[in-house]
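Worksheet: the structure to be examined is printed underneath.
Here, residue 1 is the first one in the sequence, and each next residue gets the next number. From a predicted model like this one, the values you see are computed outputs, not experimental measurements.
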Amino acid sequence: MNATALLPLPVVLPLFAAGLKLAVGLRLPRIQRFISAAVLSVVLAASVTLLVAADRDGPQVMHAGGWPVPIGIALVADRLSALMLVVSSAVTLCVLVYSIGQGMADRDEATPLSVFHPAYLILVAGVSDTFLSSDLFNLYVGFEIMLTASYVLLTLGGTAARIRAGATYIVVSLLSSVLFLVAIGMVYAATGTMNLAELSVRLADLPAGIRLVLQLALLTVFGIKAAVFPLAAWLPDSYPTAPAPVTAVFAGLLTKVGVYSILRTQTLLFPGTRLAEPLMLIALLSMVVGILGAVAQTDLKRLLSFTLVSHIGYMVFGIALASRGGIAGAVFYVAHHITVQTTLFLVTGLVERRGGTTDLQRLGGLAKISPVLAAVFFVPAMNLAGIPPLSGFLGKLGLLRAGVADGGAWAYVLVGGGVVTSLLTLYALIKVWNLAFWRAAPPDLCADGTVLETDDSDDQDDSDEETLMPAGRPESASLSGRSITTTAALPRTMLAATMALVALGLAYTVLAGPLTGLADRAAGELLSRTPYVQAVLAH
């Protein structure tokens with residue numbers, strides 16, 4: 001079968017399944033879960049097939065309805081978009097399995113079938129559409145599909161904290177969407193097309209000043225979505241309040257969609273950018289400000305949210321270099337970071353389930369209480385910090401080598417900033433390890449995972465009696481005036497999904513040679529532009 005026939009599947013199948021699940025409703029929960037898992041498994045298989053075909057035969061193109069450009073919309077899978085599809089499909093499948101385990105353990109209170117699963121599948125469809133789109137307006141449509149689903153997922157449960165965080169996220173997302181529409185209007189007014197392949201030809205004929213305005217407009221839009229400094233203030237307050245599966249997939253994927261869009265437009269539409277130095281400054285500030293924010297946090301979710309902002313800077317660094325080595329390093333690092341950051345947020349959900357909180361001041365002894373949990377945190381944490389020979393080290397090394405090869409003053413500054421950021425990331429994650437895992441458990445968390453609950457309500461007697469809550473299924477407890485939940489046994493499905501992502505992160509190290517080779521070929525394809533343009537316009 002021709003691989004181009006598979007191009008619509010990553011978009012159409014999740015949308016069809018979401019509608020089917022809404023029709024099924026709550027009557028058949030096992031069927032609901034099976035549909036979700038089966039659809040994402042098929043999407044993963046189709047993505048792998050597209051990656052093999054794109055790497056072997058060049059960009060795979062499908063013109064919707066058989067209409068040629070610019071009348072119709074084309075879906076395109078080159079090496080970059082196909083690689084992003086494979087990584088995102090693998091990650092979303094593992095997060096789905098994790099959410100199924102959480103739903104069964106919590107009786108679907110945190111991830112209700114009727115809301116979570118359809119919205120999650122729509123989110124996957126939106127992400128796939130952004131990766132495959134060859135048209136600015138279709139890219140906008142993909143963003144809106146993704147963001148509409150994310151509004152629902154972010155406010156699951158309707159708690160006050162989630163509604164507040166969701167309001168901030170929605171306002172920022174709507175603002176960026178309006179700016180995106182304005183930018184699309186400006187591009188169309190100047191060129192008469194929104195197809196990326198045609199734009200790569202027509203933009204070269206515009207005056208330099210107009211090209212710069214259009215470039216800045218698109219960079220601002222995608223910078224908000226990628227959460228680069230100073231457009232990232234919304235992220236640390238929005239992500240940590242959502243359920244663990246939602247936070248994980250948001251942290252791992254949604255910002256990388258913005259990075260992908262920057263990478264695609266900067267290489268295809270604006271080659272030989274005049275904004276190299278401003279982009280390097282943005283990359284440096286993202287790395288340094290983000291990691292300093294992480295070091296100052298005492299909550300694990302917020303700490304990881306700030307590291308997310310920080311490590312976006314590495315990807316922007318590679319894009320700013322605009323060299324083959326820099327682009328290849330950015331491509332490799334995006335794939336690595338999607339996996340590792342998602343894994344760490346899933347582990348955070350397990351930590352909260354096991355210890356009852358993500359406040360590092362109230363955690364302790366988790367390495368003794370749950371050695372498996374300690375292991376699944378330690379491996380991706382060291383990977384994110386860039387400890388040799390893990391993929392985080394290899395990705396950073398590639399970017400630093402590209403910076404040294406550039407030889408410019410700003411490039412050397414970025415190399416120093418990248419090294420400092422990596423060391424501070426290691427410091428922040430060691431702090432998490434020492435406080436949450438290595439030190440003795442605090443008095444209100446017993447060694448076997450049970451929680452001592454002291455009821456300080458006014459209608460109780462003023463006694464010092466404490467109630468020992470047995471471990472088992474999740475139980476609520478009040479510690480220091482705050483309600484938490486703890487459990488002695490981690491659900492196997494949640495743990496298995498997390499361990500699968502840990503293994504995927506380690507696979508990037510084992511398969512570093514083929515993966516770096518693929519990233520290098522993707523970078524060459526992006527910089528040459530000719531294969532993409534010819535494949536789209538050949539029809």
Side-chain angles (χ1 to χ4, degrees), residues 80-81 83-85 87-88 91-92 123-124 126-133 136-151 154 168-184 196 215-236 238-239 247-270 273 275 278-279 282-283 285-287 290 305-320 327 330-331 333-338 341-342 526:
L80 173 63
S81 56
L83 176 62
M84 293 298 100
L85 266 182
V87 176
S88 65
V91 165
T92 51
L123 179 78
V124 172
V127 170
S128 300
D129 191 40
T130 58
F131 289 148
L132 294 173
S133 176
L136 270 183
F137 189 77
N138 192 38
L139 182 65
Y140 168 80
V141 171
F143 270 114
E144 290 307 297
I145 293 172
M146 177 182 70
L147 292 174
T148 302
S150 68
Y151 302 153
L154 198 63
T168 302
Y169 178 79
I170 290 170
V171 168
V172 172
S173 297
L174 289 177
L175 175 62
S176 67
S177 296
V178 171
L179 293 176
F180 198 0
L181 277 179
V182 172
I184 289 173
L196 294 177
Q215 185 179 8
L216 287 172
L218 291 174
L219 270 178
T220 301
V221 171
F222 299 141
I224 295 173
K225 298 183 184 300
V228 299
F229 184 87
L231 305 174
W234 57 271
L235 190 148
S238 299
Y239 285 5
T247 304
V249 79
F250 277 29
L253 271 182
L254 297 200
T255 52
K256 308 313 181 302
V257 173
V259 173
Y260 167 84
S261 301
I262 295 174
L263 185 56
R264 176 67 70 188
T265 54
Q266 290 303 298
T267 55
L268 184 61
L269 305 186
F270 307 103
T273 177
L275 298 177
L279 281 175
I282 289 171
L285 291 175
S286 296
M287 286 192 288
S305 296
F306 275 100
T307 63
L308 170 60
V309 174
S310 175
H311 285 247
I312 295 294
Y314 284 103
M315 305 167 207
V316 178
F317 175 27
I319 297 171
I327 299 297
V331 171
Y333 205 81
V334 168
H336 147 82
H337 197 260
I338 288 174
Q341 195 77 41
T342 303
L526 287 170

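A pairwise comparison of heavy atoms in Lys225 and Ser173 identifies NZ-O, 4.5 Å as the closest pair. Val331 approaches Leu263 most closely through the heavy-atom pair CG2-CD2, 3.9 Å. Closest non-hydrogen pair, Ser286 versus Gly313, comes out as CB-CA, 3.9 Å. In terms of heavy atoms, Ile338 sits closest to Gly252 at CG1-O, 3.3 Å. Considering every non-hydrogen atom in both Leu139 and Thr130, the closest pair reads CD1-O, 3.5 Å. Listed here is the closest heavy atom pair of Ser88 and Leu253: CB-CD2, 3.4 Å.
The 12-atom threshold is exceeded at OH of Tyr151, counting heavy atoms of other residues, nucleotides or ligands nearer than 6.0 Å.
With rounding to the nearest 0.5 angstrom, the CG atom of Leu218 is 14.0 Å from the CZ atom of Arg264. Between the CG atom of Leu219 and the CG atom of Leu275 there is a distance of 6.0 Å, given to the nearest 0.5 Å. Expressed to the nearest 0.5 Å, how far CD of Gln341 lies from OG of Ser305 amounts to 8.0 Å. With values rounded to the nearest 0.5 angstrom, Leu179 atom CG is found 11.0 Å from Ile184 atom CD1. Remark: Leu174 CG to Glu144 CD distance equals 7.5 Å, nearest 0.5 Å. Between atom CD1 of residue Ile262 and atom CZ of residue Phe270 there is a gap of 12.0 Å, rounded to the nearest 0.5 Å.
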Evaluation steps, side chain to side chain contact (heavy atoms under 4.5 Å, CB included), between Leu196 and Leu136:
CA-CA 7 Å; Leu196 294 177; Leu136 270 183; 4.0 Å; yes
Please lay out, stage by stage, how Leu308 and His337 fare under the test side chain to side chain contact (heavy atoms under 4.5 Å, CB included).
CA-CA 9 Å; Leu308 170 60; His337 197 260; 3.5 Å; yes
For Val228 and Thr255: C-alpha separation, side-chain torsions, deciding distance, then whether side chain to side chain contact (heavy atoms under 4.5 Å, CB included) applies.
CA-CA 9 Å; Val228 299; Thr255 52; over 6 Å; no
Evaluate the criterion side chain to side chain contact (heavy atoms under 4.5 Å, CB included) for residue pair Met84 and Lys256; output intermediate values, then yes/no.
CA-CA 9 Å; Met84 293 298 100; Lys256 308 313 181 302; 5.8 Å; no
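The aromatic rings of Phe131 and Tyr260 stand perpendicular to each other, their planes meeting at an angle above 60°, with 30° marking the opposite boundary. Aromatic ring pairs are classed by plane angle as parallel below 30°, tilted from 30° to 60° and perpendicular above 60°; the pair Tyr333 and His336 is tilted.
Partner Phe180 forms a side chain to side chain contact (heavy atoms under 4.5 Å, CB included) with one of Leu175, Val221, Thr220 and no other, that one being Val221.
Under the 6.0 Å cut-off for aromatic ring centres, Tyr140 and Phe143 do not qualify, their centroids lying 6.0 Å or more apart.
Tyr169 and Ser150 form a side-chain donor-acceptor contact under 3.5 Å, judged by distance and modelled atom types alone.
Leu235 has its side chain out of reach of Val172: every pair of non-hydrogen atoms, C-beta onward, lies at least 4.5 Å apart. Put simply, the side chain of Val127 reaches to within 4.5 Å of the side chain of Leu254, judged on heavy atoms.
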